[in-house]
Asks: 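Have a look at the structure that comes next, please.
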Amino acid sequence: MEKIARKLVADKLRGIRAERNFSLEFVAKKSGVNKDTISRYENGIVSQQVDNLEKILNAYGVDFSIFFNNLYANSQNEEK
């Protein structure tokens with residue numbers, strides 16, 4: 001289950017960054033999270049730490065709670 005959740009978060013993070021045309025370097029500078037860490041998160045290589053996720057989402061202008069509510073809702077819709 002953890003792997004599935006990590007992949008869902010990874011895909012969504014990568015998608016948001018792509019939609020906004022942000023480079024890893026830009027997000028790293030804006031969030032204070034190392035670009036290699038962001039890349040590992042986006043590729044689902046490591047589990048995302050909550051504090052770093054919040055920093056990244058803030059850099060995207062995305063509310064933490066809304067991100068996870070939408071992620072949960074989308075995962076429920078896919079299961080139907």
Asks: Indicate the atoms forming the closest heavy-atom contact of Gln48 with Tyr41, along with that distance.
Replies: NE2-O, 3.3 Å
Asks: Could I get the full list of side-chain contact (heavy atoms from CB on, under 4.5 Å) partners for Asn58, not counting sequence neighbours?
Replies: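 Testing Asn58 for side-chain contact (heavy atoms from CB on, under 4.5 Å), a comparison that skips the adjacent residues, returns Glu54.
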Asks: Got a sec, which residues hit salt bridge (Lys or Arg N to Asp or Glu O under 4.0 Å) with Glu25, two or more places apart in sequence or on another chain?
Replies: Lys35
Asks: Between Arg20 and Val62, does a side chain to side chain contact (heavy atoms under 4.5 Å, CB included) hold up when you go through it step by step?
Replies: CA-CA 12 Å; Arg20 288 167 170 69; Val62 174; 3.7 Å; yes
Asks: Tell me, please, which residues at least two apart from Lys29 pass side chain to side chain donor-acceptor pair (under 3.5 Å).
Replies: none
Asks: Given Ile38, which partner from the list Asn52, Leu13, Val27 fulfils the side chain to side chain contact (heavy atoms under 4.5 Å, CB included) test?
Replies: Val27
Asks: I'd like to check the side-chain contact (heavy atoms from CB on, under 4.5 Å) partners of Phe26; sequence neighbours left out, ordered by chain and number.
Replies: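 Here the qualifying residues are Phe22, Ser23, Lys30.
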Asks: Measure from the side-chain N and O atoms of Arg6 to the backbone N and O of Gly44, and report whether any donor-acceptor pair falls under 3.5 Å.
Replies: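 Flag set: sc Arg6 to bb Gly44 pair under 3.5 Å.
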Asks: What are the two closest non-hydrogen atoms of Leu8 and Leu71, and how far apart are they?
Replies: O-CD1, 3.7 Å
Asks: By side-chain contact (heavy atoms from CB on, under 4.5 Å), which residues pair with Asn21, not counting sequence neighbours?
Replies: none
Asks: Listed by chain and number, what are the salt bridge (Lys or Arg N to Asp or Glu O under 4.0 Å) partners of Asp63, not counting sequence neighbours?
Replies: none
Asks: Can you tell me how far the NZ atom of Lys12 sits from the OH atom of Tyr60, to the nearest 0.5 Å?
Replies: 11.5 Å
Asks: Give the cluster check for Val50 versus Leu57: same hydrophobic cluster or not, with ILVMFWY residues linked at side-chain heavy-atom distances below 4.5 Å.
Replies: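 Cluster IDs for Val50 and Leu57 match.
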Asks: Would Phe67 and Ile56 satisfy side chain to side chain contact (heavy atoms under 4.5 Å, CB included), going step by step from the backbone distance to the final call?
Replies: CA-CA 11 Å; Phe67 175 84; Ile56 294 167; over 6 Å; no
